[in-house]
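It should be emphasised that the depicted structure is a prediction, and the values quoted were computed from it without experimental measurement.
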Amino acid sequence: MSNETKKNAEVIVVTSGKGGVGKTTTSAAFSSGLAEQGYRTVVIDFDVGLRNLDLIMGCERRVVYDFINVIQGEATLNQALIKDKRFDNLYILPASQTRDKEALDKDAVGRIIDELKKDFDYIVCDSPAGIESGALMALYYADHAIVVTNPEVSSVRDSDRILGILSSRSKRAEEGRDRIKEFLLITRYSPSRVAKGEMLSVKDVQEILSVPLLGVIPESKAVLKASNEGVPVILNKDSDAGQAYEDCVKRFLGKEIPMRFTEKVGFFQRLFGAATE
Amino acid sequence: MSQARPLTDTASFLLKGSSFTLTTLQLLTLDYDSLYAQLGYKVGQAPAFFNNTPVVLDIQKVSTVPVEIDFVKLLNIIRQHGLIPVGLRGANPDQTSRALALGLAVLPERVNKETEQTAPLPAGKQPEPKAKNELSSNTKLIMEPVRSGQQIYARGSDLVILASVGAGAEIIADGHIHVYGALRGRALAGVNGFDEARIFCQSLEAELVSVAGQYCVNDDLRKSHWGKSVSITLNGDHLQIQAL
């Protein structure tokens, strides 16, 4: 795609507070989606010691150097970046598995991000769970934040917490610049359970968190399949989750797309066409 | 008296910190006759209100007058009108020791300067809460949701939140609290003893509410007006919740 004027690279953090809600799944899908739309994208795993972005992206067999090696000057950025098998404009910077998060240094991370901004349009940071140093480091340099939330009380509470932290502990907040643009991404949504009153609805979650909604990803068997195969779920075009992620990427890039997969699928719809798997 | 007395008996007293709102009688002249007459007039306007009311005598405005203050006469005038002098404030060291000899407690100075009134006040001015309940007029205004884990404290003023307060958040004020949204966290009003403080919210879903130290938790709040627009006040020693 031709870019007459290159706009500034943007940093997106995928965070949540709560663990296991779909941050890495989202980071993988979102960065693949951005690359698919033609943007040069790099995705960084900030979960030092518990790395799994490389597994979800399917590049675990090609990891030589990692993020910590680059921070400590043991390798250059070019040596550590892994080119994605499917998209030429997508790169992965894996986390270290043997070191721990104490090795992350704010200034060094800043320098690496500045370096990456020269060659990429989007830098996606996959945050670890929690509100400690790993998560704080991942959100520090962000321009946008995707807050991944399950429609479930403890996840919503933790997302609220991380929203508070985003507004006060980022570089933008410290420098008094415009705040990080926050987006809500609801994952593992089940319209039938919502209809039964077993699960919080999209409206409930939005009402509690008061943050613009990026999208809703339905609970889907395709996600586990994608992890196991090392193929980000967005590339499974037949799956509901894959399609939902594609909608999210397009919305992020400015297109108006109505929300799908938020209503209960009737029997006949299921029989005659609506994707469920 | 033995200092190392073993505590084998059951305790006969407990020392506790408490805060009280007290009326201050700020003396402006040493014209005792004028004071007697004007105080009598004032008390006569609302005898039930003034009868047996404890007062703190504030002599800061007259403490530099060369004439010695006749405390005995002053206290008599006060007592004759049904008020009970309990303390003294604004005294110099000499006045302090004389007051102590008369059994008056000496209370701390005010921290902030009082705004000067242009018209001269009669001795025995309008009783109003003083000391810890001084409120400035700078209301703290928050226009974004208060997130879980955040704590907002409006020192010496009211607090207005133009959004919702999340579960796990704490909002605290020396004055009133207004939430133009859902209150899901904890709200503590009148924390410095201002028992007329109120909490207002558009939807009561709080974890805990408190006015001047008296609190009520989520379990009990659910019994009435849950999820509704309410105002919460302190009535004696329990909280009263009314629909707005």
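- Minimum interatomic distance between B:Ser148 and A:Arg157 (heavy atoms only, all atoms of both residues): OG-CD, 3.7 Å.
- Here the closest non-hydrogen pair linking A:Asp160 and B:Val146 is OD2-O, 4.4 Å.
- Counting heavy atoms of neighbouring residues, nucleotides and ligands inside a 6.0 Å radius, atom CD of A:Glu174 exceeds 12 of them.
- The neighbour count for A:Glu263 CD, taken as heavy atoms of other residues, nucleotides or ligands under 6.0 Å away, does not exceed 12.
- Counting heavy-atom neighbours within 6.0 Å of B:Gln60 CD, excluding the residue itself, gives a total of 12 or less.
- Highest contact tally toward chain A, considering only B:Ala167, B:Ala163, B:Pro145, is held by B:Ala167 [criterion: heavy-atom pairs under 4.5 Å].
- Counting non-hydrogen atoms of neighbouring residues, nucleotides and ligands closer than 6.0 angstrom, the OH atom of B:Tyr180 reaches no more than 12 such neighbours.
- Taking CG from A:Leu209 and CZ from B:Arg147, the interatomic distance works out to 6.0 Å, rounded to the nearest 0.5 Å.
- Neither the backbone nor the side chain of A:Ser159 comes within contact range of chain B; no heavy atoms are under 4.5 Å apart.
- When the shell of 6.0 Å around CZ of A:Arg188 is examined, it contains 12 or fewer heavy atoms from other residues, nucleotides or ligands.
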Test side-chain contact (heavy atoms from CB on, under 4.5 Å) applied to B:Glu144 and A:Ser210, step by step: CA-CA 9 Å; B:Glu144 284 171 351; A:Ser210 313; over 6 Å; no
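- One finds the CD1 atom of A:Ile208 at 5.5 Å from the CZ atom of B:Arg184 (value rounded to the nearest 0.5 Å).
- By the neighbour-count criterion of 12 heavy atoms within 6.0 Å, atom CZ of A:Arg169 is sparsely surrounded, having that number or fewer from other residues, nucleotides or ligands.
- With a 4.5 Å cut-off on non-hydrogen atoms, A:Val211 touches chain B through its side chain but not through its backbone.
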